[in-house]
Amino acid sequence: MPELPEVEASRLEVDPYFTRYRIDNVEVRRPDLRDRFPTRFRERLLGQTVETFARRAKYLLATLTSDETLVMHFGMSGSFTVSPAGGALEIDKHDHVVFHMSSGVIIAFNDPRRFGLMTLLTPRQLRTHPVLSRLGPEPLSDDFDAPTLARACRGRKAPLKAVLLDQRVVAGLGNIYAAEALHVAGLSPMRAASALATADGEPKEAAFRLVAAVKAVLLRAISFQVTDRDRSTRFRVYDRESLRCLRRGCRGTIARRTQAGRSTFYCPACQR
DNA sequence: ATTGAGACCTGTCGGC
DNA sequence: TGCCGACAGGTCTCAA
């Protein structure tokens, strides 16, 4: 479930049960996701109240009364399940951390593949974190605009798809929405990123189109996550190999190829 | 400094 | 039904 829209949907769903409640108990059933949990992880959480529950890129950040921040990442297969107070509790074998909140609600972090991450950072560790402190702009914020993207793309020979996946350029896109945004923008995933900028790093028209496409695709995906359940209209190119291109007036067929070890879906007819 | 390949771990799906 | 390979929405490390 986990690119920016899915993480944001998860945050919205869990926030009412997390924020302003105290963590009365934590079951650490497996302290080894992508990294081993920090020392005294459980002890540092016990009795803490969650003050805010925010998202940065694909990370979820719960700030605690102690000023420490609980950082969570879903990896490829992470998710939360919320069990109402007093309800029967079923523990899945991939529920690695289970939070018992002061309301009686139980929130479980589930992650079969264990590419996810959970850690607890002091304010200083949060500020200087080697990954978090280097994340690029939030794609839905005004900080992500064509000039910013063009500067990041200047002189880069890497294909556009790879640059959209680089979390230091823009933070939160993954394999699906990078492909979707490139289709909306009518840009080939194989195109060199440098094509978005002039020699001095000024944005070309394609940079404006791509920025707008990224925002549109993510906004649509978030609203889709929150409301829609119809899976048929979910993606324009992702997982649609050999199917007709959905762009109005385009008669192309969606192709698939491997880029940097991952599947890229695109329309060779309308993405240039 | 950039870039691509491989690794991490488990589950699912299609083909034989 | 059972086995096997291919593949999966992310990131990190390493070598070129």
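Computation of the quantities below employed the complete heavy-atom set of this structure, encompassing side-chain atoms and omitting hydrogens, waters and symmetry-equivalent molecules. To find a chain, count down the sequence lines: A is the first, B the second, and so on, and within it residues start at 1.
- A:A9 approaches A:Q225 most closely through the heavy-atom pair CB-CB, 3.6 Å.
- A donor and an acceptor atom never sit less than 3.5 Å apart when one is taken from the side chain of A:R262 and the other from the base of C:dA8.
- Among the atoms of the strands shown, only primed sugar atoms or phosphate atoms (P, OP1, OP2) are found under 4.0 Å from some heavy atom of A:R256.
- Between A:E8 and A:R55, at least one side-chain nitrogen of the basic residue sits less than 4.0 Å from a carboxylate oxygen of the acidic one, meeting the salt-bridge criterion.
- A:R114 has a side-chain polar atom (N or O) that falls below the 4.0 Å cut-off from OP1 or OP2 of B:dT10.
- Nearer to the 5' terminus of DNA chain C, by closest-nucleotide assignment, is the contact made by A:Y238 (compared with the other of A:Y238 and A:L117).
- Heavy atoms of A:Q167 sit under 4.0 angstrom from primed sugar atoms or phosphate atoms, though from no base atom.
- Close to B:dC9, at under 4.0 Å from its OP1 or OP2, lies no side-chain N or O of A:H94.
- Between the side-chain ring of A:F115 and the base of B:dC9, no stacking contact exists by the 5.5 Å and 30° definition.
- At a threshold of 4.0 angstrom between heavy atoms, the contacts of A:Y177 with the nucleic acid are absent.
- Taking the side chain of A:P112 as heavy atoms from C-beta on, and the options C:dG9, C:dG10, B:dG11, the nearest nucleotide is B:dG11.
- For A:H73 and A:Y59, the gap between ring centers is short of 6.0 Å.
- The residues A:E51 and A:R20 are annotated as not salt-bridged, no charged nitrogen and carboxylate oxygen being separated by less than 4.0 angstrom.
- Using a cut-off of 4.0 Å between Lys/Arg side-chain N and Asp/Glu carboxylate O, A:D95 and A:R29 are scored as not salt-bridged.
- Summarising the geometry, the separation between CG on A:D239 and P on B:dT12 is reported as 17 Å, rounded to the nearest angstrom.
- In secondary-structure terms, DNA chain B builds stems of at least 3 consecutive Watson-Crick or G-U pairs, each pair having both distances under 3.5 Å, at B:2-8 with C:10-16, B:10-16 with C:2-8.
- What separates CZ of A:R113 from P of B:dC9 is a distance of 11 Å, to the nearest Å.
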